[in-house]
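Throughout, numbering of the chain's residues begins at 1 and tracks the sequence. Predicted, not measured: the structure shown is a model, and the values here were computed from it. First listed ligand is number 1; within each ligand, the first listed atom is number 1.
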Amino acid sequence: MRLSGKVAMITGGSHGIGQAVAILFAREGAKVALCGRGKAALDETVKQIVETGGEALAYEADVSDKAQVDRFVDGVVGRWGRIDIAVNNAGICEIASFLDIAEEQWDRHMNINLKGAFLASQRAAREMVRQGGGGSIIQMSSVNGIQAEAGQAHYNTTKGGMINLSMSMALELAVHGIRVNALCPGFIETRLTKPLIDNPPAIADYLRTVPMNRVGQPEEIASAALFLASDESSYMTGTCMVVDGGQLIKLS
Ligand code: NAP
C-alpha cells in the first residue's frame, strides 16, 4: 500500500473526483478526512470506505468560510494528530458568458474555488511545518487554468489562480519538505459535467476537442492524485500535471 500510515484531508470529498480520490487513498492505506456542505453524501462516502476496511471521517464545512475550514482541520488533527496529504478539490462551475457574469457569481467562484484552496492549503501547510517531516499538497485545478474556455471566465480565472498558488507555495514550502503540485483534469464524468453529458448532440460536439474521443472517469484523476501524494513523485514540486485525453495538444 502506497499511503500506509498517512493522514489525508480532501475538500469536496463527497462527490465526483474528490470522492474517487478519498476511496483510492483509503484503499492505499491512508486515513482520510473529507469535507463538503451536504451531510448525506459525506456520510455515504465514509460508509463506502469503512465497509471496505478503510478509515474515514467527514465534516460538514464550506471551504469559503475560514472558521469552518479551521474547524475541519482542527477536527482532523484532534483525531489523528497530523496531516500528511491535502487535496484541495472542492469547486463549483456555473456557465455564464463574460458579459453576463454577475458580481455575486464572480465572488462565489473566487470564494469557493480559489479562496477555499488558499484557506485549506495554508492550514494544512501550517500543520505540516509544525509536525515536521514534510507533506504533499495537491490543488485540483483544470485544463481551464491553462487555456480559456468560453462561458467560464470566472471559473477559468480561479483555476489559473490555483496553478500560481501552487507554484508560489511550492517555492516557499520546499525548505520544509512540503511538495505542492497542481492537477489539471480535462473533461471528467461527474455531477459538475452531467448537464453536458446528458445532452447527446452537445457532448458529441464537445468530444471533437478530445483526441481520445471520450469523457474521463474520476478514478483516472484519482490515480494521478495518488502519484502526486505518494513518494513516487518525490522530486516533483510546483508542477502542473495534465490528465485530459490529449485535449490541450489539439490546435483545432
Ligand atoms: P462535483 O462532483 O460537483 O464535486 C464537487 C465537490 O466539492 C463535492 O463534494 C461538493 O460537495 C464539494 N463542494 C462544492 N462547494 C463546496 C464548498 N463551498 N465547500 C466545501 N465543499 C464544496 O464536481 P467534480 O467534477 O468532482 O469537481 C471536483 C473538482 O475538480 C473541482 O474543483 C472542479 O473544478 C475540478 N475539475 C473538474 C473537472 C470535470 O470535468 N469534472 C475538470 C477539471 C477540474 P457539496 O456540494 O456537498 O458541498
Side-chain angles (χ1 to χ4, degrees), residues 9-24 32-46 48 56 58-73 86-95 107-121 138-149 152 154-163 165-166 182-198 203 206-207 209-210 214-222 224-225 240-245 247-248:
M9 61 174 245
I10 301 155
T11 66
S14 52
H15 291 276
I17 292 172
Q19 185 186 55
V21 169
I23 290 169
L24 181 60
V32 295
L34 332 170
C35 82
R37 294 163 304 177
K39 182 166 172 15
L42 287 166
D43 289 347
E44 176 54 35
T45 307
V46 167
Q48 272 191 54
Y59 294 82
E60 274 178 83
D62 183 330
V63 293
S64 64
D65 181 321
K66 184 175 185 310
Q68 294 187 41
V69 171
D70 284 341
R71 206 175 333 118
F72 171 46
V73 177
V87 184
N88 298 300
N89 163 83
I92 57 163
C93 177
E94 300 161 10
I95 307 298
D107 287 347
R108 189 159 53 248
H109 283 74
M110 295 301 145
N111 288 339
I112 295 177
N113 297 7
L114 190 51
K115 181 181 160 191
F118 158 68
L119 291 173
S121 297
I138 299 165
Q139 308 293 1
M140 197 61 73
S141 178
S142 168
V143 289
N144 293 47
I146 300 173
Q147 294 205 343
E149 186 169 0
Q152 301 184 31
H154 45 337
Y155 178 78
N156 298 337
T157 304
T158 64
K159 294 295 162 179
M162 287 177 81
I163 292 174
L165 173 66
S166 179
L183 180 48
C184 296
F187 193 81
I188 309 302
E189 184 169 1
T190 67
R191 189 178 65 162
L192 199 94
T193 51
K194 193 166 167 22
L196 186 55
I197 290 173
D198 287 348
I203 187 67
Y206 186 86
L207 287 179
T209 68
V210 181
R214 69 171 175 84
V215 170
Q217 294 303 313
E219 293 72 21
E220 294 178 287
I221 304 305
C240 198
M241 180 181 268
V242 175
V243 183
D244 71 343
Q247 193 171 23
L248 284 190

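Every residue meeting the salt bridge (charged side-chain N to carboxylate O under 4.0 Å, His left out) condition with R214, not counting sequence neighbours, appears here in chain and number order: E220. For R108, the salt bridge (charged side-chain N to carboxylate O under 4.0 Å, His left out) partners are E94, not counting sequence neighbours.
Relative to atom 39 (C) of ligand 1, the option among I221, N144, T158, I188 with the closest non-hydrogen atom is I188. Of the candidates R191, K194, R37, R191 brings a heavy atom nearest to atom 10 (C) of ligand 1. Looking at T190, L196, D65, it is T190 that brings a heavy atom closest to atom 25 (O) of ligand 1. Distances from atom 29 (C) of ligand 1 to the heavy atoms of V215, T45, N88, N89 show the closest one on N89. The closest non-hydrogen atom to atom 20 (C) of ligand 1, taken over G12, A61, C35, comes from A61.
For the ligand labelled ligand 1, residue G186 lies inside the 4.0 Å heavy-atom shell. Ligand 1 lies within reach of D62, whose nearest heavy atom is under 4.0 Å from it.
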query: Under the side-chain hydrogen bond (donor to acceptor under 3.5 Å, both in side chains) criterion, do D244 and Q247 qualify, and how do the steps go?
result: CA-CA 6 Å; D244 71 343; Q247 193 171 23; over 6 Å; no
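Polar contact with ligand 1: absent for I112 (N/O pair, distance under 3.5 Å).
For N89 (side chain) and G12 (main-chain N/O), a donor-acceptor pair under 3.5 Å exists by modelled atom type. For the pair T11 (side chain) and A90 (backbone), a donor-acceptor distance under 3.5 Å is present.
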